[in-house]
J.: 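Pasting a structure below so you can have a look.
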Amino acid sequence: MIAIQGAQIIDGTGRDPIRGAAVRIDGDRIVGIGPVERDDQVIDMAGCTILPGLIDAHVHFGLTSPIGPMLAKELSIAERAANMFAVCEDTLRQGFTTVRDTGGIDWGLVRTVESGRIRGPRILCCGAILAQTGGHAHYTSPNECVHEWKSRELPGLATLSVICDSPDQVRAAARDNFRRGATFLKMNITGGIISLSDSMDDTQFTVPEIEAAVLEAQARKTYVTVHAHNNQGIRNGIAAGATCVEHGTDIDEELAEEMAALGVHLVPTLAVMHIHARDFDDMSLHGDIRERFSGVEAKMARAIKVATDAGVLVGSGTDYVGPKQDNRGLEIALRAEIVGAMQAIMAATSVNAEIIGVRDRVGTLEAGKLADVVAVDFDPLAEPHLFGDSGRTVLVVKDGEVVRNDRG
Ligand SMILES: [Zn+2]
């Protein structure tokens, strides 16, 4: 068996760190946390903290090229695929062993990683985002005809969004996403930050349209997560039966109580707000949306606090788009400033696992779980801001296989 030992183990359940023990692995499974035994093959991470493989519940692996040139079709399919594979592999090296892709890929990338031809995290995929005409993720110039949007579709690789404008069209789009490998659905039901033709205060889709997606998801024993910044949008989503909210920027006490009572989860995305506000000029985004980033991170931080206090299960996602996706741990660092280090770590491990439906397999270092294990060369409880530096990840094990060992 393999025994990974370091200064301490944070197992993701929220209990205090364990010292003087190792995470013991047999094949692709965790056997338990305990003393090193005589025949164990020891991976010595002296001075490091051992954590469960991290989970990013909001990624866009299909949006890993510069957005402007990509949407203008200036990039070849080969270049886009190369950028996707590179970010996929780098995400794993940062310590993220599971991700939930919230729009843009289909079965092609999932299968390529599963087959081992490229390295990457375990990927859960929703296929194309369900978007309304002119809504968030229908990211075009008003000079373009609506039917041209579909021409950007690259089946087997990437499809940002599918435009649908009635319950029947939503139903058809949802069914096609499932046909192409989706295991849940994502629907944009308010305006967004990088939209050109809407406002963050807008609601998008009607309740019956959202409900059409929810019914399709329920028929597949899965769920709909909704992109939503404003509270009226979130209320529409909840009324229709959606059980997960992405961003949730404006959530207040009253709405947080409603979400908690109904078991609706939240996946906030601080890192993207932080990075875009700081590095806007490098993002090849339209200049008109620069203003939209201001103040969003602070509002989202408040929403996280309110939702956490109300008892909502609050996960963690980066929402990075574009080529620079090399510090996903920043989400944990920013979150720690709001709720403390241990809760921030849990959000990116056990809580995310629960929200995305894989808690039985990953998210904690417990016997029987898949052997996804990470080591960082700092004390995350004392210095959580160091999660923002992916160079501090020194060991990554996925399914019992060592994919990074900077000390080996
Ligand atoms: Zn997103």
J.: Distance-only, no hydrogens or angles: does the Gln132 side chain make a donor-acceptor pair with backbone N or O of Phe205 under 3.5 Å?
T.: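 Yes; at least one donor-acceptor contact below 3.5 Å.
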J.: Return yes if a side-chain donor-acceptor contact under 3.5 Å exists between Glu79 and Ser76, otherwise no.
T.: yes
J.: For Val110 and Ile123, work out which heavy atoms get closest and say how close.
T.: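 Minimum heavy-atom contact is CG1-O, 3.9 Å.
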J.: Taking the side chain as C-beta and beyond, is there a heavy-atom pair between Cys88 and Val113 under 4.5 Å?
T.: yes
J.: One thing to verify: whether Glu148 and Lys73 come together as a salt bridge, which I'm taking to mean a side-chain N less than 4.0 angstrom from a carboxylate O.
T.: no
J.: Please name all residues satisfying ring pair (Phe, Tyr, Trp, His ring centres under 6.0 Å) with Phe378, sequence neighbours left out, ordered by chain then number.
T.: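 So Phe378 forms a ring pair (Phe, Tyr, Trp, His ring centres under 6.0 Å) with Phe387.
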J.: Please tell me whether Ser115 and Arg117 have a donor and an acceptor in their side chains that are separated by less than 3.5 angstrom.
T.: yes
J.: Walk me through whether Glu246 and Lys186 qualify under salt bridge (charged side-chain N to carboxylate O under 4.0 Å, His left out).
T.: CA-CA 9 Å; Glu246 310 296 309; Lys186 157 90 175 289; over 6 Å; no
J.: Is the side chain of Thr159 donor-acceptor paired with the backbone N or O of Ser161 at a distance under 3.5 Å, no angle test?
T.: no
J.: Does Arg404 reach the main-chain N or O of Val394 with its side chain, forming a donor-acceptor pair under 3.5 Å?
T.: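 It does not hold such a pair.
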J.: Might you point out which heavy atoms bring Ile345 and Pro380 nearest each other, and give the distance in Å?
T.: CD1-CB, 3.8 Å
J.: Between Ala57 and Asn352, what is the shortest heavy-atom contact and its length?
T.: CB-OD1, 3.5 Å
J.: Using only atom types and a distance under 3.5 Å, with no angle test, would you say the side chain of Asp90 pairs donor to acceptor with the backbone of Asp326?
T.: no
J.: Tell me, please, which residues at least two apart from Glu89 pass salt bridge (Lys or Arg N to Asp or Glu O under 4.0 Å).
T.: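 Residues passing salt bridge (Lys or Arg N to Asp or Glu O under 4.0 Å) with Glu89: none at all.
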J.: With no hydrogens and no angle check, do the side chains of Gln204 and Asn236 hold a donor and an acceptor under 3.5 Å apart?
T.: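 No donor-acceptor contact under 3.5 Å links the two side chains.
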J.: Within the 4.5 Å heavy-atom criterion, are Arg361 and Lys369 side-chain neighbours or not?
T.: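 No. Closest side-chain heavy atoms not under 4.5 Å.
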J.: Give me the atom names and distance for the closest heavy-atom approach of Ala22 to Ala3.
T.: CB-CB, 4.0 Å
J.: Keeping Asp28 on the side-chain end and Leu370 on the backbone end, is there a donor-acceptor pair under 3.5 Å?
T.: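 Not at all, since once roles are kept as given, no pair shorter than 3.5 Å links the two residues.
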J.: Does the side chain of Pro323 reach to within under 4.5 Å of the side chain of Ser65, using non-hydrogen atoms?
T.: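 Result no, sub-4.5 Å side-chain heavy-atom pair not found.
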J.: Verify the distance criterion only: is there a donor paired with an acceptor across the side chains of Asp11 and Thr364 at less than 3.5 Å?
T.: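 Short answer, no.
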J.: Is atom CZ of Arg407 surrounded by more than 12 heavy atoms (other residues, nucleotides or ligands) closer than 6.0 Å?
T.: yes
J.: Tell me which donor-acceptor pairs under 3.5 Å the side chains of residues 303-318 have, and how far apart each pair is, sequence neighbours excluded?
T.:
from, atom 1, to, atom 2, distance (Å)
Lys305, NZ, Asp309, OD2, 3.3
Thr308, OG1, Ile304, O, 2.6
Thr318, OG1, Asp56, OD2, 2.6
Thr318, OG1, Arg328, NH1, 3.0

J.: Quiz question: by atom type and distance under 3.5 Å, do the side chains of Glu209 and Thr206 form a donor-acceptor pair?
T.: yes
J.: Using every non-hydrogen atom in the two residues, find where Thr349 and Leu54 come nearest and quote the distance to one decimal.
T.: CG2-CD2, 3.9 Å
J.: Consider only side-chain N and O atoms of Asp168 and Ser166, and report whether a donor and an acceptor are under 3.5 Å apart.
T.: no
J.: Taking atom types as modelled, is there a side-chain donor on Thr133 or Trp149 under 3.5 Å from an acceptor on the other?
T.: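 Trp149 and Thr133 do not have a side-chain donor-acceptor pair below 3.5 Å.
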J.: Using the ring pair (Phe, Tyr, Trp, His ring centres under 6.0 Å) criterion, which residues pair with His136? Sequence neighbours excluded.
T.: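 With sequence neighbours excluded, His136 shows a ring pair (Phe, Tyr, Trp, His ring centres under 6.0 Å) to His227, given in chain and number order.
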J.: What are the two closest heavy atoms between Ile25 and Ala371, and how far apart are they?
T.: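 Closest approach of Ile25 to Ala371, heavy atoms only: CG2-CB, 3.6 Å.
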J.: Just so I know, are the side chains of Ile234 and Leu255 near enough to count as touching, which here means a heavy-atom distance under 4.5 Å?
T.: yes
J.: Looking at Arg179 and Asp176, does any basic side-chain N land under 4.0 Å from a carboxylate oxygen?
T.: yes
J.: How about Glu153 and Leu160: do any of their side-chain heavy atoms sit closer than 4.5 Å?
T.: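 In short, these two side chains do not touch, never coming nearer than 4.5 Å.
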J.: Check step by step if salt bridge (charged side-chain N to carboxylate O under 4.0 Å, His left out) holds for Arg302 and Glu297.
T.: CA-CA 9 Å; Arg302 185 177 180 277; Glu297 188 185 348; over 6 Å; no
J.: May I ask you to decide whether Arg29 forms a salt bridge with Glu366, counting only side-chain N to carboxylate O separations under 4.0 Å?
T.: no
J.: May I ask you to say whether Asp26 pairs ionically with Arg24, meaning some side-chain N is under 4.0 Å from a carboxylate O?
T.: no
J.: Given Arg100, which of Pro121, Cys126, Cys125, Cys244 fulfils the side-chain contact (heavy atoms from CB on, under 4.5 Å) condition?
T.: Cys244
J.: Taking the side chain as C-beta and beyond, is there a heavy-atom pair between Thr64 and Phe85 under 4.5 Å?
T.: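 No, their side chains stay 4.5 Å or more apart.
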J.: Is any side-chain heavy atom of Arg80 less than 4.5 Å from a side-chain heavy atom of Leu154?
T.: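 Side chain of Arg80 against side chain of Leu154, heavy atoms only: contact under 4.5 Å found.
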J.: Heavy-atom distance under 4.5 Å between the side chains of Asn231 and Asp252, does that happen here?
T.: yes
J.: Do Gln8 and Asp379 pass the side-chain hydrogen bond (donor to acceptor under 3.5 Å, both in side chains) test, and can you show the C-alpha distance, the side-chain angles, and the key distance before you say yes or no?
T.: CA-CA 9 Å; Gln8 60 178 355; Asp379 180 351; 3.0 Å; yes
J.: For Leu262, does the CG atom sit with more than 12 other heavy atoms under 6.0 Å from it, leaving out its own atoms?
T.: yes
J.: By the salt bridge (charged side-chain N to carboxylate O under 4.0 Å, His left out) test, which pairs, at least two apart or in different chains, include something from residues 119-143?
T.: Arg119-Glu401, Arg122-Asp372, Arg122-Asp399
J.: Can a side-chain donor-acceptor contact be found between Asp319 and His60 if the only test is distance below 3.5 angstrom?
T.: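 Side chains of His60 and Asp319: pair found under 3.5 Å.
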J.: Sequence neighbours left out, what passes ring pair (Phe, Tyr, Trp, His ring centres under 6.0 Å) with Trp107? Give chain and number order.
T.: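 Ring pair (Phe, Tyr, Trp, His ring centres under 6.0 Å) check on Trp107 returns nothing, list empty.
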J.: Ignoring hydrogens and geometry beyond distance, is a side-chain donor-acceptor pair present between Thr102 and His58 at under 3.5 Å?
T.: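 Thr102 vs His58: donor-acceptor pair found between side chains.
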J.: Report yes or no: do Asn327 and Ser390 form a side-chain donor-acceptor pair below 3.5 Å?
T.: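 Side-chain D/A pair, Asn327 to Ser390: absent.
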J.: Is there a donor-acceptor pair closer than 3.5 Å between any side-chain N or O of Glu331 and the backbone N or O of Leu270?
T.: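 Yes, Glu331 side chain to Leu270 backbone: donor-acceptor pair under 3.5 Å.
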J.: I would like to know whether Phe61 and Thr91 meet side chain to side chain contact (heavy atoms under 4.5 Å, CB included); could you show each step before the answer?
T.: CA-CA 10 Å; Phe61 280 173; Thr91 296; 3.6 Å; yes
